[in-house]
Enquirer: 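Provided herewith is a single structure, encoded as structure tokens, for subsequent inquiry.
Values reported hereafter were calculated over all heavy atoms of this structure, with side chains retained and with hydrogens, waters and symmetry mates removed.
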Number of protein chains: 2
Amino acid sequence: MRPTIRDVAQNAGVSIKTVSRVLNDEPYVREDTRAKVLAAINELGFVANLSAKRLAKGQAFTIGLLFHNASWHYILDAQRGVLDTTRAHGYSTLMHPCDVARSLDAREILAQASQRLVDGFVFTPPADNATQLLENLEAMGVPFVRMTPWEREREWPYVAATDRAGAREMTEYLLQLGHTRIGYVRGPADQKAGADRHDGYRDALATAGLRYDPDLVRQGDDQFEAGREAACSLLGMREPPTVIFCNNDEMAAGACVAVREAGLLLPEDVSVAGFDDIPLARQVWPALTTVCQPIYDLAAAATQMLIELLNGQTPPALSIEIPTHLIVRASTAPPHHN
Amino acid sequence: MRPTIRDVAQNAGVSIKTVSRVLNDEPYVREDTRAKVLAAINELGFVANLSAKRLAKGQAFTIGLLFHNASWHYILDAQRGVLDTTRAHGYSTLMHPCDVARSLDAREILAQASQRLVDGFVFTPPADNATQLLENLEAMGVPFVRMTPWEREREWPYVAATDRAGAREMTEYLLQLGHTRIGYVRGPADQKAGADRHDGYRDALATAGLRYDPDLVRQGDDQFEAGREAACSLLGMREPPTVIFCNNDEMAAGACVAVREAGLLLPEDVSVAGFDDIPLARQVWPALTTVCQPIYDLAAAATQMLIELLNGQTPPALSIEIPTHLIVRASTAPPHHN
DNA sequence: TTGTAAGCGTTATCAG
DNA sequence: CTGATAACGCTTACAA
């Protein structure tokens with residue numbers, strides 16, 4: 001039989017409440033008493049039973065991480081950020097891949113909260129799109145924080161990257177290389193991050209005194225294939241762009257393939273730039289110039305905020321922005337003049 | 001206040017034990033009694049509290065998934081396989097990225113078991129290498145199952161792919177294309193799966209009556225860079241191979257880059273083949289010919305086995321092999337003769 | 001500073 | 001088939 005708090009109390013010659021106090025670092029325990037208890041704990045190899053604590057406290061000390069269709073890299077970095085943070089606070093994390101649009105999945109999520117399996121949630125896009133679900137959680141008093149949310153109209157807490165500034169910086173860099181016809185493959189229409197990046201692209205053009213040309217813009221769903229098709233279309237123009245800047249790295253990887261398939265040299269004939277800096281960015285050839293979005297930090301910040309919320313504390317801010325930065329690699333070069 | 005089993009009992013006019021019986025689908029409940037209880041549950045919107053159940057049963061209904069340094073793709077597919085299976089059985093999954101070689105992490109894993117946070121573990125390579133840890137778990141009576149384990153000397157349960165047959169099949173395919181100088185980039189020396197694949201390669205050569213030439217073999221750590229370097233070395237030989245078969249897709253992707261850097265055409269001058277069929281295999285250009293290792297199924301099978309073990313059942317087998325299959329894409333072609 | 005006793009919401013025992 | 005009543009192992013008023 002595993003030793004319980006009662007065994008420790010007996011062994012140390014104190015009451016169970018005193019042991020509990022020591023376990024929880026509560027004040028009002030004399031030093032020598034504490035020492036005695038610790039000694040007993042050690043001697044017996046006592047480890048507190050989490051289930052009992054959860055029941056008594058009415059808390060799960062667990063948060064749920066919801067994701068769906070997120071790119072592998074995104075979700076793994078997010079997982080690490082969440083896990084490291086929860087662990088540091090004595091919390092556990094429940095991973096929950098799901099399609100929140102399916103009422104079945106949404107029901108399961110609400111059930112997790114009801115069952116006291118989790119105390120709160122971190123949402124990753126596009127799961128945060130399930131407005132109905134978020135409203136239900138809010139009504140139930142279950143806290144949540146959104147990571148790089150798909151939309152940001154509602155006043156719900158979130159953590160995001162400086163997408164607009166990041167895209168502006170990239171575009172400025174491309175302009176500086178001498179490009180004037182910069183193709184752009186934007187992301188899904190209703191995705192806030194994508195809209196912001198697109199705005200950043202426009203900002204830079206405007207600042208440089210260049211006209212925003214809708215003919216140079218395509219739209220994709222952030223997948224590899226979409227990037228390939230969009231680039232293919234751009235390269236087929238009478239006067240194609242000299243560089244293709246994509247809403248994310250996966251589409252940029254697709255664009256790279258399209259360039260090759262068009263029989264063109266990369267980056268001599270056409271440059272390609274991405275966004276996010278996922279590992280794929282280094283694994284294609286030539287390596288992608290991109291904008292780094294610190295997913296780990298975003299996830300850690302979101303989790304930190306959630307835990308503060310759970311503890312009834314007021315976080316310093318209910319929406320946080322974390323800076324991106326430009327990463328120049330080999331897929332971009334000055335335009336080719338012939 | 002959330003309704004408890006007591007509220008349901010009162011509402012239905014039965015005892016709490018009867019409610020419990022209904023909740024757990026136990027026999028010996030009259031149909032009309034069961035109906036009354038279910039009606040009350042529905043009316044009150046009752047959801048059982050998991051923490052209480054866990055405490056009372058002395059079980060966590062949770063398994064831990066341990067991983068370290070596994071490739072992103074591997075771990076995410078494994079996660080899905082484990083999650084789907086645990087969910088189907090009413091279990092939860094605790095993700096645990098860790099370096100089991102660090103005693104701190106090992107201690108934490110043992111603590112999770114002691115705290116009754118988890119009932120058992122699924123190990124992914126190379127985490128299963130921590131023999132000491134596994135011995136401790138065995139001594140504590142905590143069950144575990146290893147997925148595609150690094151080594152398989154011990155009699156501990158595991159689930160693996162048919163690595164040897166898979167590599168043999170690939171090699172046979174390459175031979176059939178007409179290649180006779182087949183370069184091979186093997187994996188870490190002490191990794192069983194890698195050794196098996198290497199054996200499969202030798203099997204096919206032997207069957208074809210070809211000599212195994214150690215000069216055509218290099219070793220890598222399964223990372224992109226290692227594949228690049230190994231391929232670079234192979235291509236630098238006086239009489240280089242006409243195809244490079246790598247222990248995994250990441251190294252194969254690296255090999256592709258090396259081929260280009262050598263100024264050679266892929267696959268016209270040199271073919272490249274991988275193993276695993278990770279998404280990267282489709283995202284490089286040209287897409288990789290590879291061997292599919294069904295990680296999701298492996299993970300699901302491992303979890304299934306673990307849950308059976310937890311329930312005191314005897315699984316049909318304590319080691320399972322799941323078949324791989326060849327996937328031909330564009331990175332391989334008949335050898336170029338000049 | 002410490003201890004007593006009553007929960008927390010289930011499951012399990014055992015008698016009816 | 002059903003139901004008191006006692007666990008399960010910890011927290012927490014409330015006393016001392």
Enquirer: Do A:S319 and A:R152 have side-chain N/O donor and acceptor atoms under 3.5 Å apart?
Expert: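 Looking only at side-chain atoms, A:R152 and A:S319 do not form any donor-acceptor pair under 3.5 Å.
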Enquirer: Does B:R6 reach a base, just sugar-phosphate, or nothing at all? Heavy atoms under 4.0 Å.
Expert: base
Enquirer: Counting only non-hydrogen atoms, which of residues 109-118 of chain A are less than 4.0 Å from DNA chain D?
Expert: none
Enquirer: From the options A:T85, A:T86, A:V122, select the one residue that forms a side chain to side chain contact (heavy atoms under 4.5 Å, CB included) with A:T93.
Expert: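 Answer to the side chain to side chain contact (heavy atoms under 4.5 Å, CB included) test with A:T93 among A:T85, A:T86, A:V122: A:T86.
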Enquirer: Can you confirm whether more than 12 heavy atoms, excluding those of A:Q10, are under 6.0 Å from its CD atom?
Expert: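 No, because the 6.0 Å sphere around CD of A:Q10 holds 12 heavy atoms or fewer from other groups.
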Enquirer: Under 3.5 Å, is there a donor-acceptor pair between the B:Y91 and B:T303 side chains?
Expert: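 No, B:T303 and B:Y91 have no side-chain donor paired with an acceptor closer than 3.5 Å.
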Enquirer: On DNA chain D, which is the earliest and which the latest nucleotide, 5' to 3', with an atom closer than 4.0 Å to a heavy atom of chain B?
Expert: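 The contact span of chain B on DNA chain D goes from D:dC1 to D:dG9.
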Enquirer: Evaluate whether atom CD of B:E108 has more than 12 neighbouring non-hydrogen atoms of other residues, nucleotides or ligands under 6.0 angstrom away.
Expert: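 More than 12 heavy atoms, drawn from other residues, nucleotides or ligands, come within 6.0 Å of this atom.
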Enquirer: Rounded to whole angstroms, how far apart are NZ on A:K53 and C1' on C:dG7?
Expert: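 One finds 17 Å between C1' of C:dG7 and NZ of A:K53, rounded.
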Enquirer: Applying ring-ring contact (aromatic ring centres under 6.0 Å, His included) as the test, list every pair that has at least one member in residues 101-128 of chain B; sequence neighbours left out.
Expert: B:F123-B:F144
Enquirer: Whether the A:D84 and A:Y296 side chains hold a donor-acceptor pair (N or O, under 3.5 Å, no angle test) is what I'd like checked.
Expert: yes
Enquirer: Check this one for me: any side-chain N or O of A:T33 less than 4.0 Å away from OP1 or OP2 of C:dT2?
Expert: yes
Enquirer: Pull out every residue in residues 17-29 of chain B that has a heavy atom closer than 4.0 Å to any atom of DNA chain C, ordered by number, or say none.
Expert: B:K17, B:S20, B:N24
Enquirer: Please report the shortest heavy-atom distance between A:H73 and A:P279, naming the atom on each side.
Expert: CD2-CD, 2.9 Å
Enquirer: Could you tell me the separation between the CZ atom of B:F61 and the P atom of C:dT10, rounded to a whole number of Å?
Expert: 13 Å
Enquirer: What residues form a side chain to side chain donor-acceptor pair (under 3.5 Å) with B:T33, not counting sequence neighbours?
Expert: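 With sequence neighbours excluded, B:T33 shows a side chain to side chain donor-acceptor pair (under 3.5 Å) to no residue whatsoever.
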Enquirer: Taking CZ in B:R107 as the centre, count heavy atoms belonging to other residues, nucleotides or ligands within less than 6.0 Å. Is the count above 12?
Expert: no
Enquirer: To the nearest Å, how far apart are A:I16 CD1 and C:dA6 C1'?
Expert: 11 Å
Enquirer: Around atom CD of A:E155, are there more than 12 heavy atoms from other residues, nucleotides or ligands closer than 6.0 Å?
Expert: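 Counting neighbours around CD of A:E155, 12 or fewer heavy atoms of other residues, nucleotides or ligands fall under 6.0 Å, so no.
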Enquirer: Tell me if a side-chain donor or acceptor on B:R146 pairs with a main-chain N or O of B:E151 at a distance below 3.5 Å.
Expert: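 Looks like yes, one N/O pair under 3.5 Å.
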Enquirer: In whole Å, I'd like the distance from the CG atom of B:L55 to the P atom of C:dT10.
Expert: 12 Å
Enquirer: Using whole Å, what does the distance between atom P of nucleotide C:dC8 and atom CG of B:D7 come to?
Expert: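 The answer, rounded to whole Å, is 11 Å.
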Enquirer: How far does the helix from C:dT1-D:dA16 to C:dG16-D:dC1 bend, going by the axes of its first and last five pairs, to the nearest 10°?
Expert: 30°
Enquirer: For the backbone of A:V159 and the side chain of A:T148, can you confirm whether one donor and one acceptor N or O come within less than 3.5 Å of each other?
Expert: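 Between the backbone of A:V159 and the side chain of A:T148 there is no qualifying donor-acceptor contact (under 3.5 Å).
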